[in-house]
A.B. asks: 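Here it is: the structure, laid out below.
The figures that follow rest on heavy atoms only: side chains count, while hydrogens, waters and symmetry mates do not.
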2 protein chains.
Amino acid sequence: MICINAAGVRIVDTFAMLSCIDTFDKFALRVLPASLPEDMRCAVRALSRKTVLAAGKQLECGQKNATLVYVCGGATKLVAHASEHREQVVAFHFAGDLLTLPACGPHSYSLEALVESELLTLEYEPFLEITGERADILGQLLERTTISLQRSREKTLALGRKSAIERVCSFLLMMAERIGKPGCGGVELDLPMSRRDIADSLGLTIETISRQFTHLREQGLITTRGRSAVLLLRMDELEKRSGHLSAAA
Amino acid sequence: MICINAAGVRIVDTFAMLSCIDTFDKFALRVLPASLPEDMRCAVRALSRKTVLAAGKQLECGQKNATLVYVCGGATKLVAHASEHREQVVAFHFAGDLLTLPACGPHSYSLEALVESELLTLEYEPFLEITGERADILGQLLERTTISLQRSREKTLALGRKSAIERVCSFLLMMAERIGKPGCGGVELDLPMSRRDIADSLGLTIETISRQFTHLREQGLITTRGRSAVLLLRMDELEKRSGHLSAAA
DNA sequence: CGACCAATTGAGATGGATCAAGAGCAGTGG
DNA sequence: CCACTGCTCTTGATCCATCTCAATTGGTCG
């Protein structure tokens, strides 16, 4: 934060400083209770590390311990590695999400940025050391972990028992819910992930994803613009094709 | 607990009574801290309901709210229903496991007993009302939820990117870890679930499961006796075929 | 022993993968 | 502004792992 400019004058990079404080505060605002004593807050702050990841870069972290990651901004994918050229996107995480990056078990995991992303990382164990007595914080973690578990269960169902078209429709509806904006004549999506990421998330190939998008386009359920913009025109029809129960009724 | 016998004499069914107390105590011993104040323990006890499910029966519960289930004994499967004849086993849970049976979202869920099982159920929300201030209890829930999430992520990888043989080997290794016993010349498994359950868990069909078992038998990696007994003879070879990273190294 | 359901085995069908072009989009540099 | 480059995405043709359907065998329990 302190550096020497061309003229040899020591300057304080207030922008970097502010941005660092900013990152922690975003996290604190969302995850830490207002009533947290100042010393505990400081301890957590000391433990936390800000990382800005360029698109395509992955979080460096010792795979011996689990890491808590708060996504301050951007979009990320949590990837499980089966082998060299087989990857499974376990979950997408967007601004405001808190996730646990697991230690290396039978497979290794990594968190990769889809677009430039601002992350706050904390080692899981030491964090719990500090905050393990605070029911409000544990409640917060529990709630977010339960949501992740629920999403993971839904994904399990999709990968285990759904056809390609059902997976794609479920995916679009889920994304609409999480990062969609009401647009002209439907829900507008700006997908931060590539076709490959979608394929790796749904257990399919890029070619299949592309073909299913084409089908949906031909049937007038969606339109696409460029690589990332998707407009969902007929949510009801997408719902029907997603294999959700509501649609069967 | 009080009933009339053949002779018309009123008797107290002390066995049922004891067994009921027993069920709660098993749960309390594992999940509730010893230091929990007596009034809180009583409130939790009042909220808890014991259920004994015969094999094949499923837990009845209002699908409007999430339910916390502690498996005191037996073996169960958590099933997500895609449609009438498409089911996905999201997880198996054995004695000592604590799980959250989710409220009905895009798909409905149910917990079904594989063998006669003894369960303790608690409505999730009221339970948190009572114990939400107790960091030790929340920590316990968080830890168990995190384990479930991690298992679910591993399953996601298996369903998304692994072949039939890899899924079956991973499954056998996971079961060995959870309910295996050291036996003559290998790890002995007494699988409480049918081939159909395994198929529904791995996103395959019974026929495929059967064929993979046959291959493993032919290659001398396992032997089977009857419908449920499996003896894992070559853990190293199973590991190799499971697509785990350790095996690649 | 016999009935019934679970598991196995075989033969054929198929959804999605794989392989192979081609088209569309950014970024770069003239 | 346009050509060039290296992508990602799309589309088509073929292949294959797994599903489906069907018949048989085997385990379990009355």
A.B. asks: If the cut-off is 4.0 Å, is B:T214 near the phosphate of C:dT9, judged by side-chain N/O to OP1 or OP2?
C.D. replies: yes
A.B. asks: Determine the sole option in A:L99, A:T100, A:L101 for which the side-chain contact (heavy atoms from CB on, under 4.5 Å) test with A:T67 is passed.
C.D. replies: A:L101
A.B. asks: Looking at DNA chain D, which of residues 216-233 of chain B put a heavy atom within less than 4.0 Å of it?
C.D. replies: B:R227
A.B. asks: Identify which nucleotide among C:dT8, D:dT20, C:dG16 has an atom closest to any side-chain atom of B:S210, counting heavy atoms from C-beta outward.
C.D. replies: C:dT8
A.B. asks: Quick one: is A:T205 getting a side-chain N or O under 4.0 Å of the C:dT18 phosphate, OP1 or OP2?
C.D. replies: no
A.B. asks: Using whole Å, report how far NE2 of A:H215 lies from P of D:dG12.
C.D. replies: 10 Å
A.B. asks: Which whole-number value in Å describes the distance from B:L159 CG to C:dG16 P?
C.D. replies: 15 Å
A.B. asks: Taking CD from B:E207 and C1' from C:dA13, how many angstroms apart are they, rounded to a whole number?
C.D. replies: 14 Å
A.B. asks: Using only heavy-atom distances, decide whether a donor-acceptor pair under 3.5 angstrom links the side-chain of A:R167 to the base of C:dG16.
C.D. replies: no
A.B. asks: Just to be sure I understand the rule, does B:L204 reach a base, reach only the sugar-phosphate, or reach nothing, if contact means heavy atoms closer than 4.0 Å?
C.D. replies: sugar-phosphate
A.B. asks: Take atom CD1 of B:I209 and atom P of D:dT18, then tell me their distance rounded to the nearest Å.
C.D. replies: 11 Å
A.B. asks: Do we get B:R151 above B:F92's six-membered ring, with its NZ or CZ under 6.0 Å from the centre and within 45° of the axis?
C.D. replies: no
A.B. asks: B:K50 vs B:D22, test: salt bridge (charged side-chain N to carboxylate O under 4.0 Å, His left out). Steps then yes/no.
C.D. replies: CA-CA 10 Å; B:K50 177 192 171 181; B:D22 218 30; over 6 Å; no
A.B. asks: Picking from B:L98, B:L120, B:T76, what satisfies side-chain contact (heavy atoms from CB on, under 4.5 Å) with B:V71?
C.D. replies: B:T76
A.B. asks: Kindly check if the number of other-residue, nucleotide or ligand heavy atoms within 6.0 Å of CZ (A:R217) is above 12?
C.D. replies: yes
A.B. asks: Can you check whether A:S210's main-chain N or O pairs, donor with acceptor, with A:T214's side chain at less than 3.5 Å?
C.D. replies: yes
A.B. asks: Rounded to whole angstroms, how far apart are CD1 on A:I198 and C1' on D:dT10?
C.D. replies: 14 Å
A.B. asks: What integer distance in Å separates B:D200:CG from C:dA6:C1'?
C.D. replies: 14 Å
A.B. asks: Rounded to whole Å, please give me the gap between CZ in A:R196 and C1' in C:dA17.
C.D. replies: 12 Å
A.B. asks: On DNA chain D, does the nearest nucleotide to B:I165 precede the nearest nucleotide to A:I206 from the 5' side, or the other way round? Give the residue.
C.D. replies: A:I206
A.B. asks: Look only at the side chain of A:E87 and the backbone of A:D200, and say whether a donor-acceptor pair between them is shorter than 3.5 Å.
C.D. replies: no
A.B. asks: Got a donor-acceptor contact below 3.5 angstrom from the A:K155 side chain to the A:S201 backbone?
C.D. replies: yes
A.B. asks: Counting distance only, does the side-chain N/O of A:R161 pair as donor-acceptor with the main-chain N or O of B:A80 below 3.5 Å?
C.D. replies: no
A.B. asks: At under 4.0 Å, does any side-chain N or O of B:T208 touch on OP1 or OP2 of D:dC19?
C.D. replies: yes
A.B. asks: Regarding B:R49 and the six-membered ring of B:F24, is the cationic atom NZ or CZ under 6.0 Å from the ring centre and inside 45° of its axis?
C.D. replies: no
A.B. asks: Could you give the CZ-to-P distance, from B:F213 to C:dT9, as a whole number of Å?
C.D. replies: 12 Å
A.B. asks: Expected output is a numbered-order residue list: members of residues 187-195 of chain A with a heavy atom under 4.0 Å from any atom of DNA chain C. What is it?
C.D. replies: none
